[in-house]
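As structure tokens, the structure follows; a few thoughts come after it.
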Amino acid sequence: MGKIRIIYETDIEFVQDNLLDWYKDYGRTFPWRNKSATNYELIISEVFLQRTKAETVSKFLPSFLKQYPSWKQLGEATEVELQEIIKPLGLYKQRGSRLYKLSQELKKRKGRFPKERNQVAEIPMMGQYITNAYELYVLKKKSPLLDVNMARLLERFFGERKLADIRQDPYLQTLAYQVVNIEKSKELNWAILDYASLICKKQKPNCSNCLIHSKCKFFNTKTV
DNA sequence: AATCCGGGGTA
DNA sequence: TACCCAGGATT
């Protein structure tokens, strides 16, 4: 018998309200959060953000976009060129090859993405996370940016996942969709990522100054 | 389900 | 020096 975990709607609203409020004052600003960001810029940013600090990507992105402003220019780049230019970000051989495959696919598609999630997910480099981001940003749907940050915050507050892989864990997936299922879904997604990165950190989380520790499972079961 | 990829920042 | 970073593909 697996333990049944009950998630209270009031607890979800507690998290939503407090983090959205916090975000107004302390949310981070990034190029890809700009209103003017194109779909191209959004997708490229997500590719760079994989296993890479947001601040690092933020600094790197402008020069890349200057060199490759759109899918059209990116489609002219060779695989090795892409590997070389993204070297400072790391994961450059694999990620460069995958970015190249993505660029060639969008060259074929004349820079246009399909509207259906299932078809988007067939495009190389469009895994679960980036497809969620595409839904959130482009299709304006209430999809979670369920990365290691959001997973850590949700797990500490509500309880740990059952499976090792975030992407395979039904509890975490369901919970994430529940939490961001509000009108200001995009802002809340960003709020959660920022809060997890700045307060609910991996190492030495700042629990004493946390706005939601009163109902946090991790905080309230810590042995002092 | 496990493993690989990686340079750069941080403690 | 060890650890971590807005995952995806392959085995």
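Within every chain, numbering begins at 1; the chains are lettered A, B, ... in the order of the sequence lines, protein sequences first and strands thereafter.
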Inset, instruction - Return the 5'-most residue of the pair Ser197(A), Pro124(A) with respect to DNA chain C, ranking by each residue's nearest nucleotide. - result: Ser197(A)
Legend entry - Interatomic distance at C1', dA6(C) relative to dA2(B), whole Å: 23 Å
Inset, instruction - Using a 4.0 Å heavy-atom cut-off across all strands, classify Arg33(A) as base, sugar-phosphate, or nothing. - result: base
Legend entry - Shared hydrophobic cluster, Leu163(A) / Tyr177(A) (ILVMFWY, side-chain heavy atoms < 4.5 Å): no
Legend entry - Nearest-angstrom distance, P atom, dG8(B) to dG8(C): 23 Å
Legend entry - Test side chain to side chain donor-acceptor pair (under 3.5 Å) applied to Gln173(A) and Arg167(A), Gln128(A), Gln178(A), the passing residue: Gln128(A)
Inset, instruction - Spell out protein contact along nucleotides 2-11 of chain B as letters: B when the base is contacted, S when just the sugar-phosphate is, - when no protein heavy atom is under 4.0 Å; keep the 5' to 3' order. - result: --BBBSB---
Legend entry - Passing candidate, ring-ring contact (aromatic ring centres under 6.0 Å, His included) with Tyr40(A), options Tyr137(A), Trp71(A), Trp32(A), Phe64(A): Trp71(A)
Legend entry - 4.5 Å side-chain heavy-atom contact, Ile130(A) and Val47(A): yes
Inset, instruction - Classify the nucleic acid contact of Val47(A) as base, sugar-phosphate or nothing, counting any heavy atom under 4.0 Å across all strands shown. - result: nothing
Inset, instruction - Assign Leu146(A) to base, sugar-phosphate, or nothing according to its heavy-atom contacts below 4.0 angstrom with the strands shown. - result: nothing
Inset, instruction - To the nearest 0.5 angstrom, please state how far the OH atom of Tyr129(A) sits from the CG atom of Asp147(A). - result: 5.0 Å
Legend entry - Other residues, nucleotides, ligands: >12 heavy atoms within 6.0 Å of Lys215(A) NZ: yes
Legend entry - Glu79(A) and Lys101(A) ion-paired at < 4.0 Å: no
Inset, instruction - Please round to the nearest 0.5 Å and tell me the distance separating atom CG of Asp21(A) and atom CG of Leu211(A). - result: 8.0 Å
Legend entry - chain A contact limits on DNA chain C, taken 5' to 3' with a cut-off of 4.0 angstrom to heavy atoms: dC3(C) to dA9(C)
Legend entry - Phe48(A) versus Val57(A), closest heavy-atom pair with distance: O-CG2, 3.4 Å
Inset, instruction - Would you classify Gln128(A) as touching base, sugar-phosphate or nothing, given that sugar-phosphate means primed atoms plus P, OP1 and OP2, and contacts are heavy atoms under 4.0 Å? - result: sugar-phosphate
Inset, instruction - Tell me what Phe30(A) touches on the nucleic acid: a base, only sugar-phosphate, or nothing, going by heavy atoms under 4.0 Å. - result: base
